[in-house]
Amino acid sequence: MVAGIIAAAAGDDTILTSPSATATTASACMILGGPALFVAGHGAFKYVVWRHVSWNRLAGIVALALLAAAVPALPEIALAACAAAVVAVVAALDKRTRPA
Amino acid sequence: MSAQAEPGARGLLRDRTGDQRVTNIELFFDLVYVFAVTQLSHHLLGDPTARGALQTALLLAMVWLVWAYTTWVTNWMDPERLPLRILLVALMLVSLAMSAALPRAFTGTGLIGAGLVVGCAYAVQQVGRSAFVVLALRGPGQQALRPGGAGECADHREVK
């Protein structure tokens, strides 16, 4: 999870310096890979502690991987917005599927 | 049944009866590691390649291990006691130096390069803290760690 945050923070800094630039491989790895790492880490945590497989998170990681296909077409900031949307959806689904 | 867990009987060990609250100095210690995480991001930014990512991962592992082992020590030993507070402040200072050197850990030049600072800071913290714990646990603390002593959790039950 911490590694994911480090990568995401590095991605944020890249975007802040040049918001409308098209993403390079390196910055795409940070912008998409950072949140993916965090979601994966959190999913692993949930499994280790509660033995609960989080399909939401697996779907989120797949969604982030699919976003990688859009890398040449989108500016970095749009990519980051999409990554944030994916993570937000995972969080919302969490709230919906949590047992009462 | 746990023994009376007053300071004298348990040496420098934490009182494990009753509510466990995190102390301010532990939170302050964590604050230094927030800075370390920021510095690790800067290192990744400085070299956004696969090699840079691996280097950042190694540095993260080092930072993580120092934090985790120190947190473990403060779980067992009472950070409200003076020797522990001195230990934590010393570790914080060395961590700050280590964190400051993190962004150039693999590219630093000069007589005392950033890499040397990171490596030495890591070694000093791990060895120093371990030595402190070995020394601090002599006497009543060691007694308290034996089964049935004051170091046991409050809900420990003896198996007859």
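Within every chain, numbering begins at 1; the chains are lettered A, B, ... in the order of the sequence lines, protein sequences first and strands thereafter.
Looking at B:Thr38, neither its backbone nor its side chain comes within 4.5 Å of chain A, counting heavy atoms on both sides. Only the side chain of B:Leu60 comes within contact range of chain A, judged by heavy atoms closer than 4.5 Å.
A distance of 9.5 Å separates CD1 in A:Ile6 from CG in B:Leu59, rounded to the nearest 0.5 Å. Atoms NE2 and CG, on B:His42 and A:Asp13 in that order, are 5.5 Å from each other to the nearest 0.5 Å.
Heavy atoms of other residues, nucleotides or ligands lying less than 6.0 angstrom from CD1 of A:Ile5 number more than 12. The local environment of CZ in B:Phe35 is crowded, with over 12 non-hydrogen atoms from other residues, nucleotides or ligands closer than 6.0 Å.
When hydrophobic clusters are built by joining Ile, Leu, Val, Met, Phe, Trp and Tyr residues whose side-chain heavy atoms come closer than 4.5 Å, directly or via intermediates, B:Val32 is grouped together with A:Val2. In the hydrophobic clustering of this structure, B:Val37 groups with B:Tyr69; members are Ile, Leu, Val, Met, Phe, Trp, Tyr whose side-chain heavy atoms approach within less than 4.5 Å, directly or through other members. In the hydrophobic clustering of this structure, B:Leu31 does not group with B:Val94; members are Ile, Leu, Val, Met, Phe, Trp, Tyr whose side-chain heavy atoms approach within less than 4.5 Å, directly or through other members.
Heavy atoms only, all atoms of each residue included: A:Ala10 and B:Ser41 are closest at CB-O, 4.0 Å. Contact detail for A:Ala7 and B:Leu44: the closest heavy-atom pair is CA-CD2, 3.8 Å.
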